[in-house]
Structure formats: C-alpha cells, structure tokens
Protein chains: 2
Amino acid sequence: MARALTAKGAATRQRIIDGAAAEIRERGVLTTTLDDVCRRTATSKGQLFHYFPDGREQLLLAVAEREAERVLEDQQPHLGRLTTWDAWQAWRDAVVLRYQQQGMNCPLGVLITELGRSTPAAQAVTGRLVERWQYELHAGIAGMQRSGRIAAELDAGRTAAAMVAAVQGGVTILMSTGSSAHLEAALDTSLLFLRLSR
Amino acid sequence: MARALTAKGAATRQRIIDGAAAEIRERGVLTTTLDDVCRRTATSKGQLFHYFPDGREQLLLAVAEREAERVLEDQQPHLGRLTTWDAWQAWRDAVVLRYQQQGMNCPLGVLITELGRSTPAAQAVTGRLVERWQYELHAGIAGMQRSGRIAAELDAGRTAAAMVAAVQGGVTILMSTGSSAHLEAALDTSLLFLRLSR
DNA sequence: CCTAAAATAGACCCGCAAGTCCAGAATCCT
DNA sequence: AGGATTCTGGACTTGCGGGTCTATTTTAGG
C-alpha cells in the first residue's frame, strides 16, 4: 500500500472513520450503511472507496481498531497506576461510569461478532485488546504483591485473566439488559477477592 | 394468536426452528438466509411465512428462546445440584466442555446483539436467562452456606451475579479468540473465591 | 502557471434476500 | 362425502445497499 496521502486526504479518511464509529455507536453495525456514513461525514461513495478500496469490511476493521484503543484509553490514567487500593477503586468506578454512559451500545462487541467469524484480522484486534488489558491488570496485581498488599502466592496472570473476563461479561450483560448490576458485582467481587487473598 | 395448528403443522413449525438454529450455529446469524433455512428443512417460503407471519425477526426470536433453554439444559444436572465442592467442579468442567465444543459460534450472543437493539422481546429472553442462571448459582451458594462450607457473611446474590458475568465474559472471549483460557480462569478463580471466603 | 496526481461528487449497476401471492395438495370436521 | 381449513410449493416482486465508473475540481510541486 504505497499510497500517497495528502494532509487533506488523511483528514477526510479520519473523518470517515470517526463518523462511521459514531454512527455505529448510535445505531449499531448492522443498520449502518455506507450511505449513512457518507451522509453523516459529508462525503461521497467515491471518497469512501478511495480511502477504503476493500469497502465496508476494511472500514469496519478500521473502526474496530479505533474503538479498541478507546476501550483502554477510557480506563486511563487509573489502569496504568494500580498501586493502591484507592487506585483500584477509582479504576472500578471509571469502568462502571464509562459503560453506564455508553449504555446498551457496545460497538466493539458487535463489530467483533460480525467481523470475527470471517476475518482473522478482526480476531487479531480483539486478541491484542484482551492481551493488553490483561497485561495492565497483571502489572497492577504484581505491583501490589511486591508491596505486600496482595498475597504473593496468588497467580497474578490467571487472576488478571479472570478479571478481564468478569468485566467483559458484566459489560455484555449491561448491553443486553441495560442494568449495570452485574458489572458492578463482577468488579466488586474481583476486588474483594484480591483483598481476601492476603 | 388464536391460530389453529394441526399436529403436522406444529411439527413443521418446530422443524423450521430446529433447522434455523442448526444453520445459525454452523454459519452465523448474519449469513443465514431464509432460503438457507428452507433448503435445510425441506420447506418453502410459503410455509415459513405461514408459521412466522412477521418473518425473519419472529423466527430469530423463536430460535433465541430455544437456544436460551439449551444454555441452561446443557449445564444440567450439575447446575441444579451444587451441594458439594465436587459438584461445583463438575459443573465447571461441563461449562468449559460445552463451550469448547461449541467453539467460536455463540448463536445466542449474536442473536441478542442483532435483535436486542430493536426488540424488547429479545431483551426479555436474555433477561430471563441471566436471572434463572443467577438464581441457580445463588441457590447453590446458599446451600453451601447452610452446610457451613461457605462463609455465611458472603453476599450470595452478588457473588452469583459476579459469577454469571465471569462465565459470560469468558465465553465472549472464547468466541472471539478461540481460546478457553479466560473462561477457565474465570471459573477457577470464582471457585477459589468461594473456597477462600470460608 | 502548468501538469500530474489526488480528492470529490454522485449517478448507476447489480445481486441478493426478504417478503408476497396464488394455486394446488393434504387434512380436518360433521 | 364434501366443504372448509390448513398446509405446501415456488415463481415473482421489490427495495436496499455494496460496489463501480467517470467526470470534475482541487492540490502539490517544479
């Protein structure tokens, strides 16, 4: 892809991704058409296929990558500094708040279910996200172990994996029921577990 | 729906649901067309719309209800008899096995994400499933508390909610990455938590 | 400036799949 | 038996949306 891209072109391309992401967040992947994206971003089909020659699928993948970034960004700066119990609590609150605000639309989740089956590229996006997320939690737990606030015997890697799963599940349930009760229970129970292990 | 339904008619209707469910399990909701279902179940468009006047959406909802039943059925008899640690372990193994076999296709999950946004009926299906699932786990925990194997102070309801979320998340990650590591970590950590609390 | 490349516009094509319709076969009921 | 009802088949319509094509405008840069 030795593609020449002027500043204006790059801006348009980004505008398309952002607009598509917003549209998807509001109305879902399935009901979002390329014409919708064009209307919203004040672009034309020509431009869309100019910047995404492989069409819809390529655009969705770009959106998925962007949304995956957001997932982690929105947990910062807490996620990167899980060195005290207060920090863990702040992180927990940030996660709950973020997903309560997003409500029942999880663009990333739907994108993955739509793309994941066919494209290995989409699977890679999810894989990397889960990996990074788990890595951050792992680092947090390990740090707390070093400072003696969590028992050293605890398997930090497995516990981090379990926490990622718990949050993911809480979000999924929030998505389909509208209630954040499960997400909160999952987070609180996870934190309680970390405390208990000591 | 004061609809007359002969025995033959009811059988055909069921055959359509089963065939659609199988097709969806194999190839996904998005790529399953009504013609696919007709071909597989040796029926015609006429029949399909005869039994599901509201078309595709109504059929998908019926399939979702059926799949929701399966989710709980496949965890039995373990889920109903969580009275010993061995039983919990057997349940854990059953869940892991079931989803490993299902692989990356979670018909229910995709059905919900496709239907959930629009239809409140689909939301109700999910809601009921989560509720019943959580109820069973709650009962199991409460029983273990009564027999003194789990600390009485533990909030059984919230813990059950957290476990449902954890399993759900593990399944979601299994779906998009193909690895059951997170599901297993989530289940094992949950059980460890129950044991630890004592 | 002037030219080549990139950006933009939007009309058009085309296939697919949901949904319609009607005719004919099987069945129920009394 | 026979009329009503339900069941079945499949050809047909229709709309939507992804993707193509070409003409025009804008920008880069020498």
(message) A cation-pi test, strictly: NZ or CZ of A:Arg195 under 6.0 Å from the centre of the six-membered ring of A:Trp85 and no more than 45 degrees from its axis. Yes or no?
(response)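 The answer is yes; both the distance and angle limits are met.
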Gap between atoms [atom1] and [atom2], on [X] and [N] respectively (whole Å):
{"X": "A:Arg39", "N": "C:dG10", "atom1": "CZ", "atom2": "P", "result": "13 Å"}
{"X": "B:His50", "N": "C:dT27", "atom1": "NE2", "atom2": "C1'", "result": "12 Å"}
{"X": "B:Leu59", "N": "C:dG19", "atom1": "CG", "atom2": "P", "result": "10 Å"}
{"X": "A:Leu48", "N": "C:dT8", "atom1": "CG", "atom2": "P", "result": "12 Å"}
{"X": "A:Asp36", "N": "D:dC16", "atom1": "CG", "atom2": "P", "result": "12 Å"}

Residue-phosphate contact under 4.0 Å: [X] side-chain N/O, [N] OP1/OP2:
{"X": "A:Gln47", "N": "C:dT8", "result": "yes"}
{"X": "B:Tyr51", "N": "D:dT6", "result": "no"}
{"X": "A:Thr12", "N": "C:dT8", "result": "yes"}

(request) Quick one, give me the B/S/- string for nucleotides 18-30 of chain D, reading 5' to 3', where B means a protein heavy atom under 4.0 Å from the base and S means that only happens at the primed atoms, P, OP1 or OP2. (result) BBB-----SS---
Flag, side chain of [X] to backbone of [Y], donor-acceptor distance under 3.5 Å:
{"X": "B:Arg13", "Y": "B:Tyr51", "answer": "yes"}
{"X": "A:Ser179", "Y": "A:Ala181", "answer": "yes"}
{"X": "A:Gln75", "Y": "A:Val71", "answer": "yes"}
{"X": "A:Ser176", "Y": "A:Thr172", "answer": "yes"}
{"X": "B:Gln134", "Y": "B:His138", "answer": "no"}

